[in-house]
Amino acid sequence: MTAELRERLKTGRPLRVYLGVDATARNLHIGHFVPLQKLCLFQKLGHHVTFLIGDYTTLIGDPTGRKDERQKITHEEILENAIDFARQAYRLLDPEKTEIRYNGEWLSKLTFMEIVEIAAIFPLKWVVGRRDFRERMERGEPLRFHETLYCLMQGYDAYALKCDVQIGAYDQHLNMLAGRWIQEHFADRPHIIWTLPLLPGTDGRKMSKSFGNTINITDTPDDMYGKCMRIADTMLPSYLDLTTDYESEVVDELKTRLTQHGTNPMDVKKEVAFSLVRQYFDETTARAAADQFRALVQEKEIPEDVPELQVPAELQGRPVPWPDLLVALTHEGKPLAASKGEARRLMAQGGFYVEQEPVRDAAVPYEPGPSVLVRLGKRRYFRIGQ
RNA sequence: GGGGAGGUUCCCGAGUGGCCAAAGGGAACAGACUGUAAAUCUGUCGGCGUACGCCUUCGAAGGUUCGAAUCCUUCCCUCCCCA
């Protein structure tokens, strides 16, 4: 791959690079965006970048690695998701320089004859011999004919876009390879495919919401930074490779440092966290997140901007049992405690503090007066006043 | 059209008449510990109540029963197989 890439770069013209995504609704996490980061890299180096939304392919659903069939999804839903997806992608990409395309543009126009021609390129053995299909068949699980068309569709995208390079996650290898075959068939130069390993979750398992080990695109800067700090030490090399925007020499140096005695992995983690927040937000924000982490988590300081909450009118002017008050007060649309029982539990467990002193007795009420500093758990701070 | 499986508390998933607010795991939350929001350990994890307690919950609606997530009826939904 490297040699091919070098050769094409020699011509001096900007390369056409694309990344295709399926527009399924999902909670996007930074794992999904690893290929996007690399796409971004090409963009910064002056190459032509296309962000392809697979509106048509999503109708089939990528069967890769699936143990079962996909849920069906309507085209309208897909378009909605696509808009959302593109908006998220602009967190990294420069909207001015990014071409957005939908593969329905060309896939919807293919005639049956053309599809037959493309299908004829592929030996059936290759199409259905892949392990995920084979296993599904062996287990007697459903596998339908249309699923085999997915790789033809994605392959055709590469041809239609006249691309030089396609970026994709590791599991897209087969689909990307199909593109090369189709290009060869139509006497185009096959594009270079760059596959990237999957980013593991912060604990080393697969990154997935149900494991709670994701870092989400929509996280606040502080959250994003903080979650990076929970990356398992052993996962740091992966994160350095896949999520940071440091030069490769810097990455190598940090990796080496990790292997040396006396290095505190936490320091490297901070580098990862900083880089990530800077990419999704900006330098200043990243710096602020770093400060916030140091102050709030490491030094357990009281943050500067504690949200001020006002006691609701109907509870003013008299003592109110804390559980009642915590349920009544809201911050960002959510009550501080979901129920009185939860509040009571929190108190009983020693996770509720007034002016930094634990209050365990649920019978102790809030007394009206000057505003008080309240803490729930390790670091949810509020100031409560009338 | 015929046959079969199933819908359980945030998620997965056990539970086939009382001992079930419902096993177990995950997630979440708290505490301890620490280099972190890591790991580990402990505890909590439907609502209301200080509490023996009460209320709501097991796809929906009815019914049987002293008593139902568990039995019956109808309905809705999901999936599989055959055609």
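Proteins come first, then strands; the chains are lettered A, B, ... in the order of their sequence lines, and each starts at number 1.
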K.L.:
Identify the two heavy atoms, one from A/G377 and one from A/R375, that lie closest to each other, and give their separation to 0.1 Å.
P.N.:
O-NE, 3.0 Å

K.L.:
Taking only the C1' atom of each, what is the distance from B/rC10 to B/rA83 in whole angstrom?
P.N.:
41 Å

K.L.:
Check the hydrophobic clustering (I, L, V, M, F, W, Y; side-chain heavy atoms under 4.5 Å; chains of links allowed) and say if A/L28 and A/I167 are grouped together.
P.N.:
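Yes; A/I167 is reachable from A/L28 via cluster members.
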
K.L.:
To the nearest Å, how far apart are A/D324 CG and B/rG49 C1'?
P.N.:
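Result: 11 Å.
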
K.L.:
Quick one: is B/rA30 close enough that its OP1 or OP2 comes under 4.0 Å of any side-chain N or O from A/Y353?
P.N.:
no

K.L.:
Could you check how far CZ of A/R360 sits from P of B/rG31, rounded to whole Å?
P.N.:
9 Å

K.L.:
Atom NZ of A/K378 and atom P of B/rA28: how far apart are they, to the nearest Å?
P.N.:
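My rounded result for the distance is 13 Å.
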
K.L.:
I need the NZ-C1' distance between A/K206 and B/rC12, as an integer number of Å.
P.N.:
15 Å

K.L.:
Go nucleotide by nucleotide along RNA chain B from the 5' end; which of A/Y225 and A/R380 gets its closest nucleotide reached first?
P.N.:
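Looking at RNA chain B, the more 5' nearest nucleotide goes with A/R380.
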
K.L.:
I'd like to know if A/D233 and A/K269 make a salt bridge, using a cut-off of under 4.0 Å between side-chain N and carboxylate O.
P.N.:
yes

K.L.:
What integer number of Å spans the P atoms of B/rA14 and B/rG6?
P.N.:
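Here B/rA14 and B/rG6 have their P atoms 10 Å from each other.
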
K.L.:
Are any protein N/O atoms closer than 3.5 Å to N/O atoms in nucleotides 24-26 of chain B? If there are, list each pair with its distance.
P.N.:
unit_1	atom_1	unit_2	atom_2	d
B/rG26	O2'	A/S210	O	2.8

K.L.:
When every nucleotide of nucleotides 38-48 of chain B is labelled 5' to 3' by its protein contacts under 4.0 Å (heavy atoms), B for base, S for sugar-phosphate only, - for none, what sequence of letters results?
P.N.:
S----BSS-SS

K.L.:
Could you pull out the closest heavy-atom pair between A/F51 and A/A89, with the gap in Å?
P.N.:
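What the structure gives for the nearest pair is CZ-CB, 3.8 Å.
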
